[in-house]
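Have a look at the structure below, then the notes.
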Amino acid sequence: MSTSSRIETAWAKRGSFLTRAPWVWAILGSLIAWVAIGVVTQRFSLGSLTINATAASFLAFVALGQMLVITGGGGGIDLSVPFVITLSAYWSSGVMNGSNARLGTGIAVALGLGLVVGLTNAAVILGLGMPPIVGTLAVGFLADSAVNVYASHATQGAPSPALAEFVRGTFLGIPRLVEIAVVLTIAVGLGMRWLVRGRQLVAVGQGEQAARLSGVPVGVIRAGTYLASSVLAGFAGLTLAGYNNSAFLNMGRPYQLASIGAVVLGGSLIAGGRSTAVGTAGGALFLTLVLTLMQSSKLDIGIQNVGEGILIIAVLLVAGGGAGAEARRRGRSRRGRRGAEVPADAADPAGGARP
Amino acid sequence: MSSESETVRESTEIGVAAWAIDVDRVSKTFGVTKAVNDMSLSVAPGHVVGVIGPNGAGKSTLMRLAAGEVPADTGRLTIGGEPVDLSRFSPRLAHERGVRTVHQELSLCTNLRVFENFLVEFGRERRVGLRAAMKERSAAALELAFPGSGISPDSEVSRLSLAQQQMVEIARAVSSADLRVLILDEPTSALPADRVEQLRDLLATVRSRGVATVLITHRLTEVLDLTDNVVVMRNGSAVWRSATADVTREQLVAIMSGGSGFEVAEATPGTGPEADDGTTGRRRLLEVSGLTRGPLRDVKVHVDAGEIVGIYGLEGSGQRELLRTVFDARRRDHGSTLRLDGEVAFVSGDRRREGLFPLWPIAGNLTLSSLPRLARGGVIRRASENSFIDHWLTRLAVKTAGPDDPITALSGGNQQKVVIARALGTEADLVILDDPTRGVDPRTKGEVFELLRESARHGRAGLIYSTEELELLACDRVYVLSAGAVVAELSGDQLTRENLVAAAFRGQRQLDASTTLASGVTPAGGLRRLASGVRTRMRGQRWPVPVVVVLIMLAVLQMLNHDVLASDGLNLLIGSSLPLVLAAIAQMFVVAVGDIDLGLGSLLGLVNVIGVTWLTKNPVLGALSLVAAVLVYMLLGALVHLRRLPAIVATLGASFVWLGLALTVLPTVGGEAPAWLIDIYSLRFPLVPEPVLLTAVAAATGWWVMMRTRFGVLLRGFGNNSVAISTAGWSTLAIRSSAFGFAGAFGVLAGLVLTAVTTSGDASAAQSYTLLSVTAVIIGGSEFVGGVVEPVGVVAGAVTLSLVGVLLSLLGVDPNFTAAVEGLILILVLAGRSLARKVRTS
């Protein structure tokens, strides 16, 4: 074997590793962004990484839930998360009202609200057959109204001091939030692989009909993802309120695109069926660092928004989109009396007809 | 094969140059399956060739090759004596050469009217008066092909019966002026007997025009009656050719069932029926009696433990529905008509759509169905899973593959073995197999049956549907279905190929005989025809309801506040709704192609701030930037199309770009709308308030573009059946991109009107327009599935939504509830529709 071909083989192997482990890019990107921040601020510190990691933790909670919804395929997406975050943060702060005694109630309210929204999402999408985009957006607006109404009738509360202290605290020198995010990431990652429900979820995302015929309860699985996403968003709202020691309107707003962005950046397929929890957490970190980088570079808030939007579209362009979405579109338009006489494993001729 | 084709050539004594179409030794491979293998087919002008053969023989693929829909791997193609460059062959080129296909899967856009479907196919020819010309043409074509069909050119295709749709499709293909080759793929399976008679006459006319016809069919009677030559295909090649005059029906049946002429591709696998010790004492796993559901009619079937029961019938006789109904009976109670005792597993032959999990290796594909058994407390036990995998991989004897190899690397046969092992591994009592050996090599077929046989020996059972008669001979019993009913039950000595095929065709003939004049009979007569014409046009119209709702809203508002309908009141009311009207029209263009634009609100914000800054100070720069915004929208549409991006994420990302740009242009609330814009907006016309007029103009423009232009027809057609549009030779990229472009243009208009209404700028003030526009589109009668849009309804929906806000404030409702009410309206409307759909289907 000649040297050049050996190098080629080595590259090919590396290539396949990177396709199999797309989350490496997110981690790599995070490192580069961290170095870039150091260059821009002319100060390298682990401290900046810790702060960013903490900020990224909130995003990671939301993004992991978003990832579960996306994994289930069928155009699954949860646009209600920003409203759930605000709702949970606001309402639970109001309930706690700065008292440690009502911490338990506050937590129950935050997670309970997430549960209610998640159930509504599931009912609207799986029961009424609304497309997930519109269903979650509509339900999100209901949640938004709920916040506004609550805010106009109740005094603005504050999270319990114990919560604030816990959320801001460290354990073994590392921020607790970061630790929680890491544990959650590992749990979700392992769960998708080693829990029956997790494995079934990935199957549903790869092929709804194939999963159904394999005995997977598709509806139950998908409903579960919407519940998980909303509860995680509720959790993010609770901890966010604790961390800021207050809740304010629209505090969840940045998390709508960012949560989807983290999933995409992490290397999960937007069409579902293949997801990486580590990648999503890495994507959350990367996105947070990029935003910090833009802030440190003294860019306008407007330009920061533009940057975030372009970054996500660019990653989508490189990663290619959801072939699944196209397949569904075609599936819908096919209403022949029987399947085409093309072998089952054939490349779809219809797909070839499109550029 | 080629020698046989030579024989046909010699016997018909025509030189090569005279063939209307000459397919010479073409091959096509999909993955590992050779769909068409070194196949030749030549048809002379004015001749009809019948192509028959079992499912998966490659008939349809051959026709797709001839029509330019699938590129051939090798071979030559000559149409009308001119050779075709296969590398650049396309449906459009095929059309230009005079090749028209009537597809087995109907390729009409069901959301379009009949004549609009003609327009999709023939609309290139002229522009002015296109609609009228197409109406005439479609009416004439239908009258010529199927006299007295009663199909109005104005009918929406989805409201026609399957037979009528088929008639439209045939009439459309035949009406092509430069028709040279007509390919009919199962044209009669949906037609009643009298229409088949008309088709016979039509084919005679076509023949006299010198057109070459290829007829693919399952019905032997038609082959005998209509064709000059017969070709029997199997496994991608011709196995038998003859002049039709030289064969009899009995001979054809014999050929189809392999009695002569066929080389038997595989030995009969399996051991045949097991020793019948105590059949009567076996557990009954499945008992179906008197099941009538969908296409099934009074079906009576049972399966006992230890049995392998086959289902046979001509394609579309209800086999699939029966299998699905049995599988779904796990969850659904059918009472006494369907009793299921035990667990069920399902194997589909459509591996790509219903069998494989392509992103998983072999291991994951193998264990999915058995996971609950391999887990404790919901956690999969690694050791159990591994031993399960080892066990099955050994048993399957899948060579050269480890559990971690990708499933897609396996051959079709080995993939299917994995899918079957997945079902068998569940140890379900009954395994249902839906044509499990489609595209699988003969050796593997035998192995598949061996696996089934073995599981039957362990007291389980199989219910198998196959298109291959040979395979079914390995079953213990076989039910033959025809037109949804069981017409024969064969077992033991009775179970032979000849009996199977004969029973299936016998049933078919009974069906032919029993199908009498079932097609629509339309009375003719002055007033009544007028009335029925109006009814046809109004049927399924979606705009009346939203329009009535707007009027009711106005009436309610008038009752609450008497100034509402005064000129000033109306001015204010409608004026404030105009931005939403325009935004909704913008959203409608995106929804029409099956996407959703989540960036519309932000675009409005951007236009708003550009309006109060650049447009005031530097109108040229302002105008240019607005044009650029429209161009970016078109680019976004093109990217979504080319890279198959999910439109949701792409437009959501774009919304951040719009918002960011807007914040950069105008970081704070403020600015000043250009005086000329406000002037234009507050022009006073006699009689009609300007906003009302503008709304009417907007509605009319949207309606005209969407419903009256060729572009609108193509746009809606694309949303419904993109394959049909691209097969007709249109650029789907241009259509998708233009749809986004129109959305951008109307979005810019909406932003400008918003600026005129608010007179100041706020980058994020228009965010709510995203959901509002989607809601307006939906309550206006459009559907998310694409292609179903109703411009007038959309405008009415937008006005209604604005009025809801006014109504709420008149009623003294907390403005915080407004968003909730709007969200609820959307949910309720969709809930109502899904309920209505359920009521209609049940």
Side-chain angles (χ1 to χ4, degrees), chain A residues 77 124 128-131 133-134 137-138 141-142 144-145 148-149 152 194-196 199 203 206-207 209-210 213-215 257 260 270 273-274 300-303 305-306 308-310 312-313 316-317 320-323 325-326 329 332-333 336-338 341 343-347 349-350 353-355, chain B residues 30-31 33 35 60 69-70 105 315-316 346 348 350-355 357 359 368-369 371-372 375 378-380 412 438-439 594 596 643-646 648-650 652-653 656-657 659-661 663-664 720-723 726 732-733 771 774 784-785 816-817 819-820 823 826-827 830-831 834:
Chain A
I77 204 156
V124 162
L128 300 182
M130 279 174 89
I133 329 161
V134 183
L137 201 57
F141 274 56
L142 294 184
D144 193 35
S145 280
N148 288 330
V149 171
S152 63
W194 292 111
L195 288 184
V196 174
R199 206 69 88 71
Q206 288 183 51
Q209 191 60 11
L213 293 176
S214 300
L257 179 66
I260 301 167
I270 193 77
R274 183 167 70 205
D300 282 349
I301 177 77
I303 300 296
N305 274 316
V306 174
E308 191 182 352
I310 288 181
I312 284 160
I313 295 181
L316 268 180
L317 278 177
E326 285 301 308
R329 161 195 282 291
R332 254 187 343 232
S333 63
R337 287 149 284 163
R338 56 188 86 110
E341 249 182 80
D345 48 349
R354 286 181 112 190
Chain B
F30 293 112
T33 316
S60 290
E69 290 160 21
V70 177
E105 295 176 56
E315 186 71 54
F346 198 98
S348 168
D350 188 348
R351 288 183 292 281
R352 190 170 59 83
R353 259 177 271 190
E354 301 181 339
F357 298 97
L359 302 175
L368 178 68
S369 296
L371 289 178
V379 181
I380 300 163
R438 205 197 298 179
I596 285 176
R643 293 290 293 158
R644 302 191 172 177
L645 303 187
I648 328 156
V649 188
L652 189 61
F656 270 60
V657 177
L659 181 66
L661 289 175
L663 286 173
T664 312
N720 175 265
N721 187 350
S722 59
V723 180
S726 89
T732 46
L733 168 66
L771 183 73
V774 174
F784 285 119
V785 293
N816 287 318
F817 279 115
L826 180 56
I827 293 174
L830 285 167
S834 103

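Numbers restart at 1 for each chain; the letters A, B, ... are given by sequence-line order, proteins then strands.
Residue contact with chain A, scored on non-hydrogen atoms closer than 4.5 Å, involves the backbone and the side chain of B:Leu661 alike. With a 4.5 angstrom heavy-atom cutoff, B:Val774 touches chain A only via side-chain atoms. Residue A:Leu257 touches chain B through both its backbone and its side chain, counting heavy-atom pairs closer than 4.5 Å. Proximity to chain B (any heavy atom under 4.5 Å) is shown, for A:Ile303, by both the backbone and the side chain. Both the backbone and the side chain of A:Val149 come within contact range of chain B, with heavy atoms under 4.5 Å apart. Interface remark: B:Leu652 contributes backbone and side-chain atoms alike to the contact with chain A (heavy atom separation under 4.5 Å).
Ranked by heavy-atom pairs under 4.5 Å with chain B, the first of A:Leu213, A:Ile313, A:Ile260 is A:Leu213. Annotation: maximal heavy-atom pairing with chain B below 4.5 Å, among A:Asp300, A:Leu137, A:Ile312, A:Val124, occurs at A:Leu137. Most heavy-atom pairs under 4.5 Å with chain A, from the set B:Gly355, B:Gly378, B:Ala375: that is B:Gly378. The candidate with the highest count of non-hydrogen atom pairs below 4.5 Å against chain B, out of A:Ser152, A:Ala203, A:Gly273, is A:Ala203.
Contact of the A:Ser214 side chain with the B:Phe346 side chain is not registered, since no non-hydrogen atoms from C-beta on lie closer than 4.5 Å. Between A:Met130 and B:Ile827, the closest side-chain pair of non-hydrogen atoms falls below 4.5 Å. In this structure the side chain of B:Phe656 never reaches within 4.5 angstrom of the side chain of A:Val306, judged on heavy atoms. Inter-residue side-chain proximity for B:Ile596 and A:Ile133 is flagged as met; some heavy-atom pair is nearer than 4.5 Å. In this structure the side chain of B:Val649 reaches within 4.5 angstrom of the side chain of A:Ile77, judged on heavy atoms.
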With side-chain contact (heavy atoms from CB on, under 4.5 Å) as the criterion, how do A:Asn305 and B:Leu663 come out once you've worked through the C-alpha distance, each side chain's angles and the decisive distance to 0.1 Å? CA-CA 9 Å; A:Asn305 274 316; B:Leu663 286 173; 3.5 Å; yes
Verdict with reasoning, B:Ile380 to A:Leu195, per side-chain contact (heavy atoms from CB on, under 4.5 Å): CA-CA 6 Å; B:Ile380 300 163; A:Leu195 288 184; over 6 Å; no
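Between the A:Gln206 side chain and the B:Leu359 main chain, a donor and an acceptor come within less than 3.5 Å of each other.
Contact detail for B:Ala820 and A:Leu142: the closest heavy-atom pair is O-CD2, 3.1 Å. Heavy atoms only, all atoms of each residue included: B:Ser834 and A:Leu128 are closest at CB-O, 3.5 Å. The heavy-atom pair separating B:Arg353 from A:Gln209 by the smallest distance is O-CB, 4.0 Å.
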